[in-house]
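Have a look at the structure below, then the notes.
Hydrogens, waters and symmetry mates are skipped; everything else that's a heavy atom, side chains included, is used. The chains referred to below are lettered A, B, ... by the order of the sequence lines, with proteins before strands, and numbering in each begins at 1.
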Number of protein chains: 2
Amino acid sequence: MWHDEVMSPTVRRPQRRNQVLSRDQIVEVAVDILDTGGESALTLRAVTERLATGSGAIYYRVGTRDELLDAATEAVITAVLMSHVGGKSDTPSDAITGVALALFDAIADHRWLATRLTIQIVRHPLGQVTVSIFEAIGRHIQALGVPQTSWFDATSTVVHYILGAVSQHARVGGGATEGGPDRQEFLDVTAAAWRELPPERYPFMHSIVDQMRTHQDRQQFRAGITIILTGLPRTR
Amino acid sequence: MWHDEVMSPTVRRPQRRNQVLSRDQIVEVAVDILDTGGESALTLRAVTERLATGSGAIYYRVGTRDELLDAATEAVITAVLMSHVGGKSDTPSDAITGVALALFDAIADHRWLATRLTIQIVRHPLGQVTVSIFEAIGRHIQALGVPQTSWFDATSTVVHYILGAVSQHARVGGGATEGGPDRQEFLDVTAAAWRELPPERYPFMHSIVDQMRTHQDRQQFRAGITIILTGLPRTR
DNA sequence: ACCTGAACACCGTTCAAGT
DNA sequence: ACCTGAACACCGTTCAAGT
């Protein structure tokens, strides 16, 4: 039982890291903490405890807590987009929808990501994260037959739609269990609340309450992509 | 000099409020602090100092700091949408564009709003703020000739686009001075950075760098609205 | 009913000191 | 060069006490 500790003291270093701390390790742990406990769980103390290090080490490798959050966001987004370079046999429309759905699913898997993506974009509107997403979408905008003068506007529209849509669905879906009972209960409660709204001030809400109660997030998200792709200018 | 204080002691209460604190007052002060110093400036201590009260009063009238932020968001959004009920002579397309631009401008005036709008929507995806925006847009979707079965999807698409687009432009524009030198400098720096990207990995970014450098935020935002309205299904 | 404000627990960040 | 961790300043929240 206790032999191990005594007989091979060089193999086991029970308390502290014996390797240099890497930036990637820190970011990886951060993502894990965020996935488990949400943004409020990511305290510097939680990170240093998991890594058995001091707070200064995080500052040395990454920077402030905010920069750690940005790094985690960039890591997740980059990984998602990386895994979507293949599959070239699709039509341009399918390819765009594929990238969009990959981002959609990433937000479902990492609920903290919706908020952080917005913050990232507010602060670095044309930074690495935006660049990656633009490139992944824009590539296929070209192939779609959109005239060159409209490439930037067209790609912006698709990307902005994805970012906005993804925020709203971050909570409704609630992970992989798309049709779970929690979701339907939530929709029912919301439908009831909408029916309580004064009809003369909110006629439209009353007219869509049934559609809202029965809608599917993923399907609605795709419908939006289709609407935008349909509206893009084409050269033919 | 000192007469006033002595002669009319009931008129002047020098140190403390003599009126009851209202929820609206608190929210108003919160918005003002946010506009001046951003989200980080909104501390409970800053609010209580401005109102010459104690922290408990805020909790009694509003709740936590987060609820205060939500209340500020709701107040601003509601005010913006309220001021857009008139002008019925527009075409439905113009009306939708008008609401969209009003929200766009609101974000420019209240830079903290982009982030907070996302957080609000992540936490209360179908709450009051979403309801107000949906109603303001949805009304005109009907008039546009979109078949009833698509009303919810169509409105969602427009709203999600607005929310996403507005986030990215929160910083680039930087308030009312749309064409300020700061902005052009920022675009030039970004363009230079994009040109440094490896062309084989980012061919698309290289192809749009000039468009990005010369684009106008507001115009691009409108272009997106137009694309979506064009793509909506119509009964005719 | 409404407000006060001291007290508490917790947090991000720094930096002199170590190796 | 890289890491440690005590110390600091600051923050949101609570709650017994007041009016």
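Put simply, CG on A:L44 is 19 Å from P on D:dC8, counting in whole angstrom units. To the nearest angstrom, P of D:dG12 lies 13 Å from CD of B:E49. The CD-P distance, from B:Q25 to C:dC2, rounds to 14 Å in whole Å. Summarising the geometry, the separation between CG on A:D66 and P on C:dT13 is reported as 7 Å, rounded to the nearest angstrom. What separates CZ of B:R65 from P of D:dC11 is a distance of 10 Å, to the nearest Å. Distance CD1 (A:I58) to P (C:dC11): 15 Å, rounded to an integer number of Å.
Side-chain N or O atoms of B:T78 include none that pairs as donor or acceptor with a backbone N or O of B:A75 at under 3.5 Å. Listed for the A:T115 side chain is no donor-acceptor partner under 3.5 Å among the backbone atoms of A:W112. A donor-acceptor contact shorter than 3.5 Å links the side chain of A:R61 to the backbone of A:L21. Here the side chain of A:S83 pairs a donor or acceptor atom with the backbone of A:V80 at under 3.5 angstrom. Listed for the A:T130 side chain is a donor-acceptor partner under 3.5 Å among the backbone atoms of A:P125.
Distances from the side chain of A:R61 to the nucleotides D:dC3, D:dG12, C:dC11 place D:dC3 closest.
Shown here are the side chain to side chain donor-acceptor pair (under 3.5 Å) partners of B:E135, two or more places apart in sequence or in another chain: B:R139. Applying the side chain to side chain donor-acceptor pair (under 3.5 Å) criterion to B:R213, with sequence neighbours excluded, gives B:D188. Scored by the side chain to side chain donor-acceptor pair (under 3.5 Å) test, B:R50 finds B:D32 as partners (sequence neighbours excluded).
Checked against a 6.0 Å centroid threshold, the rings of A:Y161 and A:F221 count as neighbours.
At least one side-chain nitrogen or oxygen of A:Y60 sits closer than 4.0 Å to the OP1 or OP2 atom of D:dC2.
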Pairwise N/O distances under 3.5 Å, protein to nucleotides 14-19 of chain C:
unit_1: C:dT14; atom_1: O4; unit_2: A:S55; atom_2: OG; d: 2.9

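Contacts between residues 68-75 of chain A and DNA chain C, defined by a heavy-atom separation below 4.0 Å, involve no residue at all.
Along DNA chain C, the nucleotide closest to B:S22 and the one closest to B:R45 are compared, and the more 5′ of them pairs with B:S22.
Stems are defined here as 3 or more consecutive Watson-Crick or G-U wobble pairs with pairing distances under 3.5 Å; those involving DNA chain D are C:4-8 with D:12-16, C:12-16 with D:4-8.
Taking the six-membered ring where the residue is Trp, A:W194 and B:F134 present tilted rings, their angle falling between 30° and 60°.
Neither side chain, B:Q120 nor B:T73, offers a donor N or O lying under 3.5 Å from an acceptor on the other.
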